[in-house]
Amino acid sequence: GMGKKLLATCLCWFLYDIAYYGNNQFTPQMTAMIFKGSSIFSQSWHDALNMAVGVPATLHAISSMRAIGCKSLQVRGFALLAAACAAIGASWHPLIHSGDAGKWGLFALYLGLQYAVNWGPNMTTFVLPQCVFATEVRTTFNGIAAACGKLGAIAGIWLFQGVNDACGVEVLMLVVTAINLLGMVVSMYAIEDSLWEEQQAQMARADAADTDLLPSDGGEHPGAIRP
């Protein structure tokens, strides 16, 4: 029922904002760890590149939502986030000790993480509550889900810094990987995008109706109006 949908959207928004706000807050420190000893000017360019990746990622999210629907985009977005975090966590130690080439490889992976952060749940956590809740409760439940997201933002800022200080980047990335995998599972099994399904059904009926209007012999339809 509505309680399950509310819990699912709240949890997904909470989990995503852990990754989003924690990562954004941690970006300057992350680039400083990758490029140790670099100048402030270089660090600024690195951070600017990280932020710039969000523009094509958001545009890609808009086109993807139209093509695959809100729920599918959120599931794939969480999966991409988990993959990006796992890749950084697994490759951090060997690449950070591999000279400049290794550092730029890590930076490329981190740009991939920034792309993943801005694609998928960055948009769907706002849109999906509009698709799953009934009109009578849509505004209230959307607000509750958004509030849970802000709690996730607070948790994310604490989590990234705290886990990094205590256990290092590798463990931090694996923890965030697990968080995003949980978001993927919840999105996959606890959320139904009924609006997208209804739209797909309407499009299928419209295509079927257009096909029925076409003459079977390739000639002119009897009801066609000549120009």
Side-chain angles (χ1 to χ4, degrees), residues 1-24 53-85 112-157 159 176-211:
M2 282 295 166
K4 176 185 175 183
K5 294 177 181 179
L6 177 61
L7 180 60
T9 52
C10 286
L11 183 56
C12 287
W13 211 328
F14 175 82
L15 295 171
Y16 170 70
D17 275 8
I18 290 177
Y20 180 83
Y21 285 96
N23 181 67
N24 282 353
V53 168
V55 176
T58 302
L59 294 175
H60 185 200
I62 295 172
S63 61
S64 298
M65 187 181 297
R66 293 175 176 173
I68 63 176
C70 197
K71 175 182 174 177
S72 295
L73 179 58
Q74 181 157 303
V75 171
R76 297 180 192 189
F78 273 122
L80 183 61
L81 268 168
C85 291
L113 173 58
Q114 289 285 12
Y115 192 96
V117 164
N118 288 280
W119 183 74
N122 186 40
M123 183 171 295
T124 57
T125 48
F126 288 91
V127 177
L128 203 51
Q130 305 294 325
C131 302
V132 301
F133 294 133
T135 307
E136 301 80 25
V137 297
R138 184 174 296 162
T139 302
T140 301
F141 282 12
N142 198 357
I144 295 172
C148 290
K150 300 314 112 183
L151 293 176
I154 297 171
I157 293 171
L159 176 75
V176 181
T177 297
I179 289 172
N180 286 297
L181 287 176
L182 178 58
M184 181 190 72
V185 172
V186 172
S187 300
M188 187 180 300
Y189 295 108
I191 294 178
E192 296 179 2
D193 190 354
S194 56
L195 180 60
W196 169 255
E197 295 171 357
E198 181 181 342
Q199 290 173 343
Q200 291 297 100
Q202 290 176 350
M203 292 172 63
R205 289 194 295 268
D207 290 341
D210 290 341
T211 302

Output all residues satisfying side-chain contact (heavy atoms from CB on, under 4.5 Å) with [X], sequence neighbours left out; order by chain, then residue number.
X      : result
Asn122 : Tyr16, Tyr20, Thr58, Asn118
Ala146 : Trp13
Met188 : Val75, Met184
Val127 : Met65, Cys70, Met123, Cys131

Can you tell me how far the [atom1] atom of [X] sits from the [atom2] atom of [Y], to the nearest 0.5 Å?
X      : Y      : atom1 : atom2 : answer
Ile144 : Thr9   : CD1   : OG1   : 9.0 Å
Ile154 : Ile18  : CD1   : CD1   : 11.0 Å
Ile191 : Leu7   : CD1   : CG    : 10.0 Å
Cys85  : Ile179 : SG    : CD1   : 9.0 Å
Leu80  : Leu73  : CG    : CG    : 10.5 Å

Exercise for review: Over all heavy atoms of both residues, which pair between Gly120 and Ala61 is shortest? Give the atoms and the distance, please.
Suggested key: N-CB, 4.0 Å

Revision key, fill the gap. Smallest heavy-atom separation, Cys12 atom then Thr125 atom, equals O-CG2, 4.3 Å

Check your understanding: Any side-chain heavy atom of Cys148 sitting closer than 4.5 Å to one from Leu11?
Key -> no

Check your understanding: Under a 4.5 Å cut-off applied to non-hydrogen side-chain atoms, are Leu81 and Val117 in contact?
Key -> yes

Exercise for review: Only counting residues at least two apart or in another chain, list the ones meeting ring-ring contact (aromatic ring centres under 6.0 Å, His included) with Phe141.
Suggested key: Phe133

Revision key, fill the gap. For Asn23, the side-chain hydrogen bond (donor to acceptor under 3.5 Å, both in side chains) test, sequence neighbours excluded, returns Tyr110, Gln114

Review point. Which residues pass the side-chain hydrogen bond (donor to acceptor under 3.5 Å, both in side chains) test with Ser187, sequence neighbours left out?
Key: Gln74

Review point. Which pairs pass ring-ring contact (aromatic ring centres under 6.0 Å, His included) with one or both residues in residues 56-84, sequence neighbours excluded?
Key: His60-Trp119

Practice item. For residues 126-145, pull every pair meeting salt bridge (Lys or Arg N to Asp or Glu O under 4.0 Å), keeping only residues two or more places apart or in separate chains. Key: none

Review point. Can you pull the side chain to side chain donor-acceptor pair (under 3.5 Å) pairs that have at least one residue in residues 145-156, sequence neighbours excluded?
Key: Asp17-Lys150, Tyr21-Lys150

